[in-house]
Trainee: 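Could you have a look at this structure, given as C-alpha cells, before my questions?
Everything quoted here is computed from the prediction, not taken from an experiment. Remember, it's 1-based here, ligands and their atoms both numbered in the order they're listed.
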Amino acid sequence: MTLPLFERARRYADRTAIVAPEGEFSYGELSAAAESVATHLLDGRPDLGGERVCFLVPSGWSYAAVQWGIWRAGGVAVPMAVSHPTAELEHVLDDAGPTTVVAHPELASRLSDAATTRRLRLIDTQELTRSSSGGTLPTLAPERPCMILYTSGTTGRPKGAVLSHGNVQAQVESLSQAWGWTPDDRVLLHLPLHHVHGIVNVLTSALWNGAVCDILPTFRPLDVWERLASGGLTLYMAVPTVYARLIDAWDEAAPEKRSAWSLGARPCRLMISGSAALPVPTLERWEAITGHRLLERYGMTEIGMALSNPVTGERRPGYVGEPLPGVQVRLVDEADQPVPVGTPGQIQVRGPTVFGSYLGRPEETAAAFTPDGWFRTGDVAVIDQGAYRILGRSSVDILKTGGEKISALEIEDVLRAHGAVADCAVVGVPDPEWGERVCAAVVRRPASEVSEAELRTFAKSRLAPYKVPKQFLFVAELPRNPMGKVTKPAVREIFQSDTP
Ligand code: MLC
Ligand code: AMP
C-alpha cells in the first residue's frame, strides 16, 4: 500500500502529467522516475524514516520527480528557493538539518561548499533520475511529515512549517472539490516551487487529479500571454502582482496582439488570484481584458487555503468568499472569543489541512495555536453579507510584497549588521505593483557616508532578492513614541510623503 497520490497516478499512467522545458512526461514516467530517485536515496535502507532532504531544483520535470522520490523513500522534502543567495540557503540547511541535499547540476556549485562543511551528501538530479529502480519502497502513513516550507514570522529568521502527507492530501482534496478539478484540466505553472501556492494549489492538485501541469520555469509576461493565448489551458493561478504585470504587458502590446491574447485567454475555465490582496482595479481591468472575473481566495503556508470565492455563484470584488470544504474558520477577539458577525476579528483556522509544528520550535508552535487547536493566522477579517473580507494583519512587521511574505525585523537585523548603520526601521509602503514595497529608513553612524547602493549590495548578499528594500532613506533619527519605541506608521508616512 502506498499513499493515494501515488495509487491514483497508476490510474493515469498513460496520460500526460507534466509538460516542461525538459519535455513531456506521463504519469507512468513520473512514477518510475520517483521510484528511481527513492531507490537511490534509500541506498539499500528500508525507509528514510522522516530524514530531511533539501533540494535545489528549478521548476520543471526534475523538480516533480525529486519531490515524489523523496516522498516515496519516506523522506521529508525541503524545497530550496532557486532565487536565494547562499546565506539564505545555508539558513535552511542549518535549520532543517538534512542528511542529503539534491541539486540540479547547474545549481550544485551554490551548495557544494555548504554541503562539504556540514558533511552532507550532495547528489545531482541527473544521477538520481538515471539510477535503476527496484526493491520495496516503504509504506507511508498519512500522519508522517512530508514537507517543510520556510516562512517568515515576526521574529528571527524564517521558520520551517512541517506539513504531513495527510495535511497535503486534505488541502488538495478540499481544493479539488471547491474548484472542480478533473483529469481534463490543464494548468499553467510559473510560480516559485518553494511555497504552498505553487506546490499544493497548482502542482500537487494537478497531479492528484490526473491533470496536465504545464510548467514555465520563470515568469515572463509575454511567455505567459502567448501560452494563455495558444489555447488548451483550463486553469490559471497567480498572485496579484503577476496579474498587474500581465495587464501592463497587454497595455504595451500592439492592437492585433491584444485581441489575440484576449481571445485566446477566454476559453480557460477558471482564473484564480491569491497570496495577497487583489486590488479591485486589477480585478476589474483583468475582467475587461479577458472576460474572466478572477476568483480570489485566501491562504497561508501553515494552513493551505482557507477561504475561497465560488466557482459558480457571485464572486464579490474585494472579498475572499467562504470557508473551503473541510476547513473550520472563525473570527475572534484578543481573548480568542468569537466575535459577532459584522465585527472584525482575527482569523483562526482548524482542521486536517492545518500544519503540525514549526521545526524545532516548540514554544513558537505552542504560541501559534489556542489550547483547543485553532491556528492563529494574525490576519484580521470581517464577515459582510456572508463573505469574508480581509482587513489587514495584526503585526506591522509582517509584509507581503509580490506575494512573498517577509519580516521587517529580519531585514532590520541584517541592515544593523552593517558597520555604518546606527539604526533602521523597515516598513511596507502601499504600492500598485508589489502590493507593499519594502522601504528602509536608516540612521547612519556619525561621519559615515555609506550610500544606498552599498547598503543594497550588502543586503543582497545576505537576503532573498524580494527582501532587499526597494527604497532607502537616510534620516537623522527614527520617529519614536514616548516609550522610545519606533512608530512604524510614522516611518511609513516619511516614505509616502517622499514618493513623487
Ligand atoms: C522579485 N523581486 C521582488 C519580488 N520578486 N521584489 C519584491 N517582491 C517580490 N515578490 C525583485 C527582483 O529580485 C528584482 O530585483 C526586481 O524585484 C524585479 O524583478 P523581476 O525579475 O521583475 O521579478 P520577477 O522575477 O518577475 O518576480 C516577480 C513575481 C515573483 C511577482 C513574478 O515575485 C513571484 O512569482 N511571486 C509569487 C510568490 C509566491 O508564489 N507567493 C506565494 C506564497 S504562499 P533586482 O534588484 O534584482 O532588480 C502564500 C499562501 C497563499 O502566500 O495564500 O498562497
Ligand atoms: P504566506 O505566509 O507566505 O503563506 O502568506 C500568507 C499570508 O498572505 C496570509 O497570512 C495573508 O496575510 C496573505 N494573503 C493570502 N491570500 C490573501 C488574500 N487573498 N488577501 C489578502 N491577503 C492574503
Trainee: Please could you name the atoms of ligand 1 that Arg297 approaches to less than 4.0 Å, counting only its heavy atoms?
Mentor: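 Those atoms are 51 (C), 53 (O), 54 (O).
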Trainee: Is it true that atom CD of Glu106 has more than 12 heavy atoms of other residues, nucleotides or ligands lying nearer than 6.0 Å?
Mentor: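 Check fails, neighbour count at 12 or below.
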Trainee: In terms of relative ring orientation, are Trp71 and His165 parallel, tilted or perpendicular, with 30° and 60° separating the classes?
Mentor: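 It falls in the perpendicular class, over 60°.
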Trainee: Mind checking whether Arg393 contacts ligand 2 via backbone (N, CA, C, O), side chain (CB onward), both or neither, at a 4.0 Å heavy-atom cut-off?
Mentor: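 Answer for Arg393: side chain.
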Trainee: Closer than 4.0 angstrom: is that true for some heavy atom of Pro192 and an atom of ligand 1?
Mentor: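 The answer is yes: ligand 1 sits under 4.0 Å from a heavy atom of Pro192.
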Trainee: Hey, is His195 one of the residues with a heavy atom under 4.0 angstrom from ligand 2?
Mentor: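 The answer is no, since His195 has no heavy atom less than 4.0 Å from ligand 2.
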Trainee: Relative to the heavy atoms of Val196, which atoms of ligand 1 are at a distance of less than 4.0 Å?
Mentor: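 Selected atoms, number and element: 44 (S), 50 (C).
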Trainee: Look only at interatomic distance and state if Tyr298 has a nitrogen or oxygen under 3.5 Å from any nitrogen or oxygen of ligand 2.
Mentor: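 Looking only at distances, the answer is no, because the N/O contact criterion of under 3.5 Å is not met.
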Trainee: Using heavy-atom distances only, which candidate in Thr301, Ile390, Leu278, Leu149 approaches atom 4 (O) of ligand 2 most closely?
Mentor: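 Looking at heavy atoms only, Thr301 sits closest to atom 4 (O) of ligand 2.
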Trainee: Would you say Thr377 and ligand 2 have an N/O pair spaced under 3.5 Å apart?
Mentor: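 For ligand 2, there is no N or O atom that lies under 3.5 Å from one belonging to Thr377.
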Trainee: Ring centroids only, cut at 6.0 angstrom: are His84 and His194 within range, meaning strictly under it?
Mentor: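 Yes - the distance between ring centres of His84 and His194 falls below the 6.0 Å cut-off.
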Trainee: Is any NZ, NE, NH1 or NH2 atom of the basic residue among Arg269 and Asp185 found under 4.0 Å from an Asp or Glu carboxylate oxygen of the other?
Mentor: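 Salt bridge flag = yes for Asp185 with Arg269.
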Trainee: What protein heavy atom is closest to atom 9 (C) of ligand 1, reported as residue, atom name and distance in Å?
Mentor: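 Residue, atom and distance for the closest contact: Trp434 CZ3, 3.2 Å.
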Trainee: As a test of understanding, state which of Leu189, Leu188, Ile215, Asp214 forms a side chain to side chain contact (heavy atoms under 4.5 Å, CB included) with Val19.
Mentor: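 Testing Val19 for a side chain to side chain contact (heavy atoms under 4.5 Å, CB included) against Leu189, Leu188, Ile215, Asp214 leaves exactly one candidate, Asp214.
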Trainee: Could you tell me which atoms of ligand 1, counted from 1 in the order shown, lie closer than 4.0 angstrom to a heavy atom of His197?
Mentor: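 That gives atoms 42 (C), 54 (O) of ligand 1.
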Trainee: Nearest protein heavy atom to atom 22 (O) of ligand 1: under 4.0 Å?
Mentor: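 So atom 22 (O) of ligand 1 has protein heavy-atom neighbours under 4.0 Å.
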Trainee: Considering Gly321, Ala277, Gly403 one by one, which has a heavy atom nearer to atom 20 (N) of ligand 2 than any of the others?
Mentor: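 Ranked by closest heavy atom to atom 20 (N) of ligand 2, first place is Ala277.
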